[in-house]
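In listed order, ligands and their atoms are each counted from 1. This chain uses plain numbering: 1 for the first residue, then up along the sequence. Atom set for the values below is all heavy atoms of this structure, side chains included, hydrogens, waters and symmetry mates excluded.
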Amino acid sequence: MKSLKRIAVDMDGVLADTDSHFIAWYYNIYGIKVPYEELLGKPEGEGFPEKGAARKFAFTPGFFRTLPVMPGAIEAITELMKDYEIYIVSAAMEFPQSLPEKHEWLQQHFPFISWRNIVFCGDKSLINADYMIDDHPKNLDNFKGTTIMFHAAHNANITHHQRANTWNEVMALLKSDN
Ligand SMILES: [Mg+2]
């Protein structure tokens, strides 16, 4: 039997729509609706008027548990699981309180993913797979396989990884590579 290729899939900014969530939380707490365009090309969370607010949100209980699912992610992962081994790889240790929330979030939205295929870690350079789908160049830069950078506001100006703006584009890139 031919072994399936492995894809390491990130959570924040890839399975979960972190940019929209930051904007929504900022609006709820500060009453200011920051336009998405304001965040383009700025380090994650730094496009908001109150510096450090986004980072504070990321340490607030409930933030990760209530993230919206990235449009098309559930359908895409369901489809990809037919042809690939999918691993969810999240550098969750940066926000230790997020671990149970991320686990519950996956159980709610992606209940078909086994615990064996969930990797909560620190540095992703240890990860070995055929593909990595991630929004952060720092994770993709050290990866030995094929990289797909999922579009996020903070990576808008990064050009040294192939970009997918949507889950449909991820599917098209994977199809063209096989
Ligand atoms: Mg991410």
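Using modelled atom types and a 3.5 Å distance limit, the side chains of Glu169 and His151 yield no donor-acceptor pair.
Cluster annotation: Ile148 is connected to Ile74 through the hydrophobic network of ILVMFWY side chains, with a link wherever side-chain heavy atoms come within less than 4.5 Å. Note: the hydrophobic cluster containing Ile86 does not contain Met132 (ILVMFWY, side chain heavy atoms under 4.5 Å, direct or indirect links).
Under a cutoff of 6.0 Å and an axis angle of 45°, Lys33 and Tyr27 form a cation-pi pair.
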Quiz: residues 121-128 side-chain donor-acceptor pairs under 3.5 angstrom, not counting sequence neighbours:
from: Asp123; atom 1: OD1; to: Ser125; atom 2: N; distance (Å): 2.8
from: Asp123; atom 1: OD1; to: Ser125; atom 2: OG; distance (Å): 2.9
from: Lys124; atom 1: NZ; to: Asp10; atom 2: OD1; distance (Å): 3.0
from: Lys124; atom 1: NZ; to: Val89; atom 2: O; distance (Å): 3.1
from: Lys124; atom 1: NZ; to: Asp134; atom 2: OD2; distance (Å): 2.6

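Excluding water, every protein N/O/S atom under 2.8 Å from the Mg ion (ligand 1) is given here by residue and atom: Asp10 OD2, Asp12 O, Asp135 OD1.
Asn155 contributes a side-chain N or O that, together with a main-chain N or O of Phe150, makes up a donor-acceptor pair within less than 3.5 Å.
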